[in-house]
Novice: 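Below you will find the structure I want to go over with you.
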Amino acid sequence: LSFYLGQVSGGEDEIQQLQKALLDYLDENTETDASLVFSRKFYIAQWFRDTTMETEKAIKSQKDEDSSEGTHHAKDVETTGQIMHRAESRKKFLRSIIKTTPSQFSTLKMNSDTVDYEDACLIVRYLASMRPFAQSFDIYLTQ
């Protein structure tokens, strides 16, 4: 996992880099397991939805903070702009993946090294731990 995070180039965030690695793994193994085609499509759709939901929640929380303070700060506007920019770059990446066929996806690989099964499982676990339910699981247990 640290190897893939170390490969992050300028302009790309760590989550997007891990998503690329996982999609690359799924693409390479679709010939041996046809269900991976559906898994790949599911992950892309889920990540797109997550990006939209995260953006809406972040903007809503900023609006709630602004209304409670009664003033509008330039810093908050900049933060909203950054949130929107990050969301749009993630959506642009996912749209480019959707438009590519599995054979074309190989040109988007991050490097010549391939992800093996254990690495793919680790990436899936890490990405799943970033989801809201996984992050709030302790709260549900205590209640």
Side-chain angles (χ1 to χ4, degrees), residues 1-30 33-111 113-143:
L1 186 60
S2 61
F3 170 76
Y4 295 106
L5 293 177
Q7 296 289 325
V8 175
S9 60
E12 292 180 329
D13 61 74
E14 295 174 353
I15 300 296
Q16 186 172 315
Q17 193 70 17
L18 290 172
Q19 289 172 344
K20 273 185 186 182
L22 182 60
L23 291 174
D24 182 35
Y25 169 79
L26 293 173
D27 181 48
E28 287 179 3
N29 292 289
T30 54
D33 187 358
S35 66
L36 294 180
V37 173
F38 298 105
S39 298
R40 184 176 177 269
K41 290 178 182 180
F42 171 79
Y43 278 125
I44 292 170
Q46 188 66 48
W47 294 333
F48 195 89
R49 180 184 172 275
D50 288 348
T51 300
T52 303
M53 297 293 286
E54 288 171 14
T55 304
E56 289 173 359
K57 284 181 183 179
I59 291 173
K60 185 177 183 243
S61 69
Q62 284 187 348
K63 286 181 181 179
D64 291 343
E65 288 174 9
D66 287 345
S67 64
S68 66
E69 293 176 9
T71 59
H72 188 68
H73 300 288
K75 182 181 176 186
D76 292 336
V77 173
E78 181 181 72
T79 305
T80 302
Q82 290 172 347
I83 291 168
M84 294 300 293
H85 178 57
R86 186 177 62 240
E88 285 305 314
S89 66
R90 286 184 181 176
K91 286 180 179 182
K92 183 179 178 182
F93 162 71
L94 293 170
R95 282 188 201 108
S96 70
I97 298 301
I98 292 168
K99 291 178 183 178
T100 59
T101 62
S103 62
Q104 292 174 331
F105 186 69
S106 61
T107 61
L108 298 175
K109 291 180 186 174
M110 66 182 161
N111 57 27
D113 296 327
T114 58
V115 177
D116 62 4
Y117 179 77
E118 289 79 20
D119 289 341
C121 289
L122 184 61
I123 290 170
V124 168
R125 285 187 201 123
Y126 177 76
L127 292 174
S129 72
M130 304 302 286
R131 299 197 35 85
F133 179 75
Q135 292 178 348
S136 61
F137 193 67
D138 290 337
I139 296 169
Y140 292 121
L141 283 177
T142 56
Q143 290 180 354

Novice: What distance separates R95 CZ from I44 CD1, expressed to the nearest 0.5 Å?
Specialist: 13.0 Å
Novice: Nearest 0.5 angstrom please: E88 CD to T51 OG1, how far?
Specialist: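 It comes to 9.5 Å.
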Novice: Hey, are R86 and E54 close enough for a salt bridge, meaning a charged N less than 4.0 Å from a carboxylate O?
Specialist: no
Novice: Step by step, work out the side-chain contact (heavy atoms from CB on, under 4.5 Å) result for L22 and V115.
Specialist: CA-CA 8 Å; L22 182 60; V115 177; over 6 Å; no
Novice: Roughly how far, to the nearest 0.5 Å, is OH of Y25 from CD of E28?
Specialist: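 With rounding to 0.5 Å, CD (E28) is 9.5 Å from OH (Y25).
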Novice: Quick one: which of F38, Y43, F42 gives a side chain to side chain contact (heavy atoms under 4.5 Å, CB included) with L26?
Specialist: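 The option that passes is Y43.
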Novice: I need the Q82 CD to H85 NE2 distance, nearest 0.5 Å.
Specialist: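 Here the rounded value is 9.0 Å.
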Novice: At what distance, to the nearest 0.5 angstrom, does CD of Q16 lie from CG of L23?
Specialist: 10.5 Å
Novice: Going from CZ on R90 to CG on D50, what distance comes out if it is rounded to the nearest 0.5 angstrom?
Specialist: 9.5 Å
Novice: Just wondering, do I97 and K20 contact through their side chains at under 4.5 Å, heavy atoms?
Specialist: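 A side-chain contact under 4.5 Å is absent here.
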